[in-house]
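Have a look at the structure below, then the notes.
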2 protein chains.
Amino acid sequence: MPKLGAEPIRRAALVKATIEMVGDSGSLDVTVAQIARRAGMSSALAHHYFGSKEQIFLAAMRAILSLYAAEVRGALAAAEGHRGRLRAIVRASFGSGSFRREVVGAWLNFYVLAQTAPEARRLLAVYQRRLHSNLMHDLRPLIGARAERVAQGLGALIDGVYIRAALMPGHSDRRSAAVLVLEYLEREVEGR
Amino acid sequence: MPKLGAEPIRRAALVKATIEMVGDSGSLDVTVAQIARRAGMSSALAHHYFGSKEQIFLAAMRAILSLYAAEVRGALAAAEGHRGRLRAIVRASFGSGSFRREVVGAWLNFYVLAQTAPEARRLLAVYQRRLHSNLMHDLRPLIGARAERVAQGLGALIDGVYIRAALMPGHSDRRSAAVLVLEYLEREVEGR
DNA sequence: AAGTTTATTGACTCGTCAATCAACAAAAAC
DNA sequence: GTTTTTGTTGATTGACGAGTCAATAAACTT
């Protein structure tokens with residue numbers, strides 16, 4: 001029963017199912033058949049649209065990264081001043097879209113994927129550089145030479161909070177995660 | 001050609017090979033045959049001693065965690081005062097044993113394993129609690145009520161630095177990783 | 001020397017899974 | 001109304017990998 005114009009819907013359904021499965025099962029060892037089943041189609045169709053399992057994963061990773069990028073952009077658009085923009089970036093990192101349990105779980109697994117799959121590594125590098133340069137842009141006017149180190153620290157801290165969220169679900173909620181990082185930011189910008 | 005008393009040597013060789021393989025390949029998808037080959041024996045022997053692949057991984061994880069614990073204990077023994085002890089804990093986290101590339105890579109993968117394997121999760125929880133209580137012990141006398149948050153932050157920051165080390169090998173060396181975390185510690189203890 | 005325990009492996013079983021293919025169905029184009 | 005394009009799947013293939021087993025051998029025991 002073919003409905004025309006199904007391709008984009010199918011692709012999106014597969015990406016969504018992939019993120020959910022990887023996040024829920026906490027592992028990249030999910031089969032194409034499982035993903036396809038969850039997305040309501042046969043595994044053959046998944047292969048038809050994506051060609052290979054790796055491509056499905058990469059598409060899912062792109063989706064996660066652009067979700068995050070969108071949250072950052074949105075938060076930045078509504079922010080005022082260097083201080084406000086920095087706080088916006090941090091808050092966006094713990095936005096309701098990106099900080100759901102399955103999404104964080106998927107993040108963690110994609111980190112691991114990035115160790116082996118060159119394309120995944122590339123994607124991750126792009127977004128990390130973007131974050132870094134976003135931070136630097138507003139950090140430099142505030143603290144000059146120390147900006148580099150603080151940007152590094154903020155990046156690592158955000159990653160670390162993500163890990164913990166993936167590892168102890170429920171143990172750290174959005175708000176307290178954000179507050180933790182914001183306090184670090186405040187201290188580094190204000191302090192001395 | 002059986003040498004008697006081979007068991008402990010074989011076990012150790014398998015654990016070492018596992019950490020190397022997981023760290024190098026950046027994935028838990030290493031076969032028992034690969035590990036056994038690297039350790040200089042047949043896959044059948046690996047199964048003979050460990051029973052299952054999961055048990056091999058758990059043994060490797062235990063080895064990593066006790067290596068880390070030993071470094072912390074060693075550093076603590078030689079430290080003076082609350083401040084000194086805290087610095088020792090942080091430095092131990094980036095000690096030469098634990099912060100080698102393959103070891104960090106393996107860490108990251110075991111984090112992922114901990115999402116699915118209950119025993120792995122348990123192991124990790126034990127060591128995280130130990131770190132947390134070590135930190136609290138010396139943080140509380142210095143900063144009182146704020147100790148909890150700072151301990152949380154230090155833990156997350158250490159994890160985050162680990163991730164980055166696994167993801168961008170060479171991009172962050174032992175020394176600068178330690179300095180980054182030590183600066184955070186200093187600021188939180190000193191400041192205000 | 002016969003028997004027992006420990007070490008060791010090659011060959012095999014059994015399951016799983018990514019990827020392919022042939023076939024079928026409905027809409028669009030002509 | 002026939003052809004073409006798009007959507008869809010069940011069945012199959014082919015590879016690979018965890019775990020088992022039977023067999024072999026050296027060392028220890030009595």
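Only this structure's heavy atoms are used, side chains among them; waters, hydrogens and symmetry mates stay out. Residue numbering restarts at 1 for every chain, and letters A, B, ... go by the order of the sequence lines.
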Whole angstrom value for the distance that separates P of C:dT6 from CD of B:Glu7:
9 Å

Could you check how far CZ of B:Arg37 sits from P of D:dG17, rounded to whole Å?
12 Å

To the nearest Å, how far apart are A:Ile56 CD1 and C:dC17 C1'?
13 Å

Could you tell me the separation between the NZ atom of B:Lys53 and the P atom of C:dT16, rounded to a whole number of Å?
16 Å

Whether each nucleotide of nucleotides 9-16 of chain D has a protein heavy atom under 4.0 Å at its base (B), only at its sugar-phosphate (S) or at neither (-) is summarised, 5' to 3', as BB------

A:Tyr49 has its side chain closest, among D:dT8, C:dA19, D:dA18, to D:dT8

Just checking, is any N or O donor in the side chain of A:His47 or A:Gln55 under 3.5 Å from an acceptor N or O on the other one?
no

Shortest non-hydrogen separation from A:Leu139 to A:Ala151 and the atoms involved
CD2-N, 3.8 Å

side-chain hydrogen bond (donor to acceptor under 3.5 Å, both in side chains) involving B:Arg91 - partner list, sequence neighbours excluded
none

May I have the distance from A:Arg11 (atom CZ) to D:dG7 (atom P), rounded to whole angstrom?
11 Å

Between P of D:dG17 and CE of B:Met21, the distance in whole Å
12 Å

Check against salt bridge (charged side-chain N to carboxylate O under 4.0 Å, His left out), B:Arg83 and B:Asp138:
CA-CA 7 Å; B:Arg83 198 75 145 265; B:Asp138 292 298; over 6 Å; no

Go through it in stages, so that I can follow the logic: the residues are B:Glu7 and B:Arg11, the test is salt bridge (charged side-chain N to carboxylate O under 4.0 Å, His left out), and I'd like the CA-CA distance, side-chain angles, deciding distance and then a yes or no.
CA-CA 6 Å; B:Glu7 176 153 3; B:Arg11 288 187 106 99; 2.6 Å; yes

Is it true that the side chains of B:Asp159 and A:Tyr162 contain a donor and an acceptor less than 3.5 Å apart?
no

Between C:dA18 (C1') and A:Gln55 (CD): distance, integer Å:
14 Å

Identify whether any heavy atom of A:Phe50 sits under 4.0 Å from a base atom; if not, whether one sits that close to sugar-phosphate; answer base, sugar-phosphate or nothing.
nothing

Using atom NE2 of B:His47 as one end and atom P of D:dT20 as the other, report the distance to the nearest whole Å.
7 Å

